[in-house]
Amino acid sequence: MIAFVSGVVAALTPTLAVIEVGGVGMAVQCTPNTIAGLRVGEQGRLATSLVVREDSLTLYGFADDDERQVFELLQTASGVGPRVAQAMLGVHTPDALRGAFAAGDAKALTAVPGIGPKGAQKLLLELKGKLGAPAPVVGAQRAVASAPAAWTEQLTAALIGLGYASREAEEAVVTVTPQAEAAIASGGSAPVPQLLRAALQSLNRAR
């Protein structure tokens with residue numbers, strides 16, 4: 001198993017990082033949140049999980065070992081493959097997922113693309129208790145965790161990491177803000193992966 005990759009970041013897309021390891025470019029599938037922490041030309045380190053199929057070898061990358069562990073635990077549920085598990089981590093942090101399963105919060109799970117109400121209930125039954133308890137959030141930590149604008153920082157960092165100027169990134173964030181606010185107003189969270197795709201589309205149209 002490839003536990004991690006470390007090296008210079010050779011290229012980034014919204015869902016893929018290429019890390020140069022010993023002269024070889026390792027293509028690693030990542031969430032936009034993970035991509036946001038990388039910069040082309042700089043050193044990067046990703047915890048990884050190798051998924052082997054008859055016709056493919058796919059390397060999934062994560063910001064830390066905790067994300068990788070949750071990614072692998074999610075796949076112990078029937079019907080959850082690596083893409084769905086990664087989508088869940090693209091929408092929620094590991095602790096947010098732990099909290100959702102501990103509280104039986106099906107609505108949080110349906111915020112993930114591809115998971116409907118029935119699927120969410122099934123996942124709650126199969127995975128409750130398997131991910132462990134969420135870390136306690138108190139005081140200033142709680143204020144940071146619940147900050148409504150946290151998604152803007154993630155999105156801006158992801159766009160800058162993809163090579164856009166700060167001004168371009170900020171303008172793109174403004175463009176997709178109504179979409180994010182609509183998702184939050186409906187009781188969900190800002191869907192960063194979808195917002196990133198929409199922001200990239202607006203930037204492409206502007207060029």
With hydrophobic residues grouped by side-chain heavy-atom distances under 4.5 Å, do [X] and [Y] end up in a single group?
X: V51; Y: M26; result: no
X: L16; Y: L57; result: no
X: V70; Y: I115; result: yes
X: F4; Y: I2; result: no
X: L123; Y: L97; result: yes

Nearest-0.5 Å distance that lies between atom [atom1] in [X] and atom [atom2] in [Y]:
X: K130; Y: R98; atom1: NZ; atom2: CZ; value: 15.0 Å
X: L46; Y: C30; atom1: CG; atom2: SG; value: 5.0 Å
X: Q201; Y: L196; atom1: CD; atom2: CG; value: 10.0 Å
X: E72; Y: E67; atom1: CD; atom2: CD; value: 12.0 Å
X: L89; Y: N33; atom1: CG; atom2: CG; value: 9.5 Å
X: Y164; Y: L200; atom1: OH; atom2: CG; value: 5.0 Å

* When you look at Q86 and T31, which way does the side chain to side chain donor-acceptor pair (under 3.5 Å) test go after all the steps? -> CA-CA 7 Å; Q86 189 177 55; T31 66; over 6 Å; no
Using only atom types and a distance under 3.5 Å, with no angle test, would you say the side chain of [X] pairs donor to acceptor with the backbone of [Y]?
X: E168; Y: A165; value: yes
X: R39; Y: A36; value: yes
X: E42; Y: L38; value: no
X: E126; Y: S78; value: yes
X: R68; Y: A47; value: no
X: T177; Y: V173; value: yes
X: T76; Y: L73; value: yes
X: T48; Y: Y60; value: no

Which atom of [X] lies closest to which atom of [Y], heavy atoms considered:
X: A111; Y: H92; answer: CB-NE2, 4.3 Å
X: I19; Y: G44; answer: CG2-O, 4.4 Å
X: M88; Y: L74; answer: CE-CD2, 3.7 Å
X: F71; Y: P82; answer: CE1-O, 3.3 Å
X: A120; Y: A106; answer: CB-O, 3.7 Å
X: P94; Y: D66; answer: CB-OD2, 3.5 Å

* Run the numbers on D64 and R45 for salt bridge (charged side-chain N to carboxylate O under 4.0 Å, His left out), then give the verdict. => CA-CA 9 Å; D64 53 41; R45 184 185 188 280; over 6 Å; no
* Could you go through the side-chain contact (heavy atoms from CB on, under 4.5 Å) check for T58 and L50 one step at a time? => CA-CA 6 Å; T58 305; L50 180 63; 6.0 Å; no
* Asked: Can V176 and L155 be said to form a side-chain contact (heavy atoms from CB on, under 4.5 Å), step by step?
  -> CA-CA 10 Å; V176 301; L155 189 56; 3.6 Å; yes
* Between V9 and V18, does a side-chain contact (heavy atoms from CB on, under 4.5 Å) hold up when you go through it step by step? -> CA-CA 6 Å; V9 180; V18 178; over 6 Å; no
* Asked: Distance only, no hydrogens: is a donor on one side chain within 3.5 Å (strictly under) of an acceptor on the other, for T156 and E170?
  ->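 No, E170 and T156 have no side-chain donor paired with an acceptor closer than 3.5 Å.
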* To do: Given side-chain contact (heavy atoms from CB on, under 4.5 Å), test I35 with T13 step by step and report yes or no.
  => CA-CA 8 Å; I35 293 290; T13 76; 5.9 Å; no
* Answer yes or no: does atom NZ of K128 have more than 12 heavy-atom neighbours from other residues, nucleotides or ligands under 6.0 Å? =>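 Incorrect, the count does not exceed 12.
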